[in-house]
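Structure first, commentary second.
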Protein chains: 2
Amino acid sequence: MSENLGDLYQVKEKMYVATDCIIFGFQNGKLKLLVFKRKVSPLEGEWSLIGSFVRLDEDLEVAGKRVLKESTGLENVYMQQLRTYGKKDRDPGYRCISVAQYALIRINEYDEELVEEHGAKWFEIDQLPLLILDHNQMVHDALLQLKQNARYRPIGFELLPEKFTIPQLQALYEAIYRRELDPRNFRKKVLSLNVLEKLDEKDRSGSKRGAFLYKFNNDNYRDLLESGYNFEIA
Amino acid sequence: MSENLGDLYQVKEKMYVATDCIIFGFQNGKLKLLVFKRKVSPLEGEWSLIGSFVRLDEDLEVAGKRVLKESTGLENVYMQQLRTYGKKDRDPGYRCISVAQYALIRINEYDEELVEEHGAKWFEIDQLPLLILDHNQMVHDALLQLKQNARYRPIGFELLPEKFTIPQLQALYEAIYRRELDPRNFRKKVLSLNVLEKLDEKDRSGSKRGAFLYKFNNDNYRDLLESGYNFEIA
DNA sequence: TCAAAAGTGTTATATATACACCCATGG
DNA sequence: CCATGGGTGTATATATAACACTTTTGA
């Protein structure tokens with residue numbers, strides 16, 4: 001029923017609707033992307049994002065989560081619609097529009113076997129291979145939105161393990177913003193937001209001295225959002 | 001070819017793809033929306049956004065511009081994809097996803113006859129009627145994005161006539177942000193951006209004394225964007 | 001003992017906010 | 001001559017940016 005003018009002209013043509021997932025992870029101070037090697041023709045053997053056709057009885061959002069689960073085993077992941085790519089000749093085979101969605105996952109939690117089974121591989125964000133169709137464009141747009149989004153919501157936390165150190169968090173923001181941040185200013189700012197809980201443990205993987213672990217406090221975050229504050233960092 | 005996992009399962013089903021336009025205008029200090037009275041069944045006589053099915057040989061973006069032209073006569077309008085609405089039962093008739101796009105138009109430039117022909121009407125943004133399907137949700141989302149977008153790009157200018165006064169511009173931002181702004185601070189800020197050209201004419205429609213008209217300087221705007229500046233106002 | 005990362009405070013600068021009066025004009 | 005909206009400047013508070021040294025510890 002979303003026709004209006006369409007009705008008047010009696011032009012009603014169905015087309016394929018796909019969804020492609022831009023899966024971000026963060027490891028060793030680097031922002032990474034999970035990319036898939038196509039096992040089927042056409043374009044077999046080329047790199048692409050992980051996607052699927054949307055089924056008739058399936059919400060768009062559900063389709064995205066299904067793809068993510070099928071390829072990484074993960075559920076309950078932060079996922080957000082990016083935009084829809086609908087150039088008429090974007091897919092040379094047949095008319096197909098694609099709703100791109102991006103996911104932020106904890107890279108230590110995914111199912112490695114499943115990922116391998118799907119011929120997927122993590123690439124550093126600035127060492128991406130050529131992807132099929134408009135997938136490089138999708139990644140480019142997703143990075144831009146991630147950058148903007150990170151200013152207003154603490155989505156950085158979605159990419160870190162439950163317990164993380166402040167230097168790790170800083171490295172993540174540096175990777176997203178693609179610039180260095182001052183450690184004193186960063187720490188001051190992020191602690192002033194009052195959404196981090198300091199734990200008694202230390203993580204010694206990054207240095208001999210070790211850095212204190214923190215975890216994210218969701219309640220305080222909600223309060224903060226409601227009070228109209230924003231998470232602009234650096 | 002955007003299938004991947006989809007291929008593996010051989011699930012390939014076509015569906016309808018529509019586009020709906022959220023058309024904003026600004027008049028007498030009020031933000032307004034152009035809404036359409038359905039002339040066809042089902043839901044005949046109900047208010048809805050203006051939309052159409054996307055044709056097989058038509059870019060998504062082109063479909064949006066076509067709808068806008070067919071309903072208002074306008075071309076070369078600022079238009080931007082909002083997001084895609086794809087709940088499986090959003091349209092009770094058949095499976096149809098809709099790519100919402102919003103347009104900012106100069107309310108003094110549209111083709112009144114054409115609009116009337118289509119049974120369309122301007123509503124003030126906070127006096128909108130109930131719209132069909134998820135169209136109220138679309139408007140809600142568009143308003144939010146407009147608000148956020150206005151902070152970083154001078155899209156306010158798209159809604160004003162070519163020549164406008166600073167009080168008009170302020171009223172527009174007040175309508176978008178839904179709060180009052182201080183006239184001294186607003187003027188200072190907006191002039192400091194160096195994208196306004198003061199003209200020798202005055203507009204006396206708002207007061208006896210009259211207010212100087214300005215126009216928007218696109219070249220300086222481009223420079224400003226490149227230098228990384230943002231248009232955050234108030 | 002030293003290399004390497006963690007942690008800490010202060011100052012300067014820029015930006016945002018608050019605020020009140022005069023100006024020009026048509027009616 | 002007065003009511004109405006247009007136009008202006010300054011002082012304060014807040015946020016951001018710049019900057020260098022001490023601590024801890026395993027190798």
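Below, each value reflects all heavy atoms present in this structure, side chains not excepted, and no hydrogens, waters or symmetry copies. Every chain is numbered from 1, with letters handed out A, B, ... down the list of sequences.
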Name the residue closer to the 5' end of DNA chain D, choosing between Lys188(B) and Pro167(B) according to the nucleotide with the nearest heavy atom.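 The 5'-side residue here is Pro167(B).
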Among [options], the nucleotide that comes nearest once only the side chain of [X] is considered:
{"X": "Ser207(A)", "options": "dG26(C), dA6(C), dT17(C)", "value": "dA6(C)"}
{"X": "Asn185(A)", "options": "dA6(C), dA3(D), dA17(D)", "value": "dA17(D)"}
{"X": "Lys208(A)", "options": "dG7(D), dA3(D), dA3(C)", "value": "dA3(C)"}

Protein-nucleotide distance ([X], atom [atom1]; [N], atom [atom2]), rounded to Å:
{"X": "Lys198(A)", "N": "dA6(C)", "atom1": "NZ", "atom2": "P", "result": "13 Å"}
{"X": "Ile166(A)", "N": "dA5(C)", "atom1": "CD1", "atom2": "P", "result": "18 Å"}
{"X": "Glu180(B)", "N": "dA16(C)", "atom1": "CD", "atom2": "P", "result": "20 Å"}
{"X": "Tyr177(A)", "N": "dT16(D)", "atom1": "OH", "atom2": "C1'", "result": "14 Å"}
{"X": "Lys202(B)", "N": "dG7(D)", "atom1": "NZ", "atom2": "C1'", "result": "9 Å"}
{"X": "Asp203(A)", "N": "dT25(D)", "atom1": "CG", "atom2": "C1'", "result": "14 Å"}
{"X": "Arg187(A)", "N": "dC19(D)", "atom1": "CZ", "atom2": "C1'", "result": "17 Å"}
{"X": "Arg179(B)", "N": "dA18(C)", "atom1": "CZ", "atom2": "C1'", "result": "13 Å"}

In terms of relative ring orientation, are Tyr102(A) and Phe24(A) parallel, tilted or perpendicular, with 30° and 60° separating the classes? perpendicular
Using the six-membered ring wherever Trp is involved, compare the ring planes of Phe123(B) and Trp47(B) and label them parallel, tilted or perpendicular (cut-offs 30° and 60°).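 Perpendicular: the ring planes of Phe123(B) and Trp47(B) meet at over 60°.
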Looking only at the side chains, is there a donor atom on one of Asp20(A) and Ser98(A) sitting less than 3.5 Å from an acceptor on the other?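 Distance-only check passes for Asp20(A) and Ser98(A).
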Salt bridge present between Lys215(A) and Glu162(A) (N-O < 4.0 angstrom):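 Not counted as a salt bridge, because no side-chain N and carboxylate O are separated by less than 4.0 Å.
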Between Ala211(A) and Asp182(A), name the one whose nearest nucleotide on DNA chain C is closer to the 5' end.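 Closer to the 5' end of DNA chain C: Ala211(A).
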Looking at [X], does any N or O in its side chain come under 4.0 Å of the phosphate oxygens OP1/OP2 on [N]?
{"X": "Lys189(A)", "N": "dT16(D)", "result": "yes"}
{"X": "Arg184(B)", "N": "dA18(C)", "result": "no"}
{"X": "Arg209(A)", "N": "dG26(D)", "result": "no"}

Are more than 12 heavy atoms from other residues, nucleotides or ligands located less than 6.0 Å from atom CD of Glu61(B)?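 Counting neighbours around CD of Glu61(B), 12 or fewer heavy atoms of other residues, nucleotides or ligands fall under 6.0 Å, so no.
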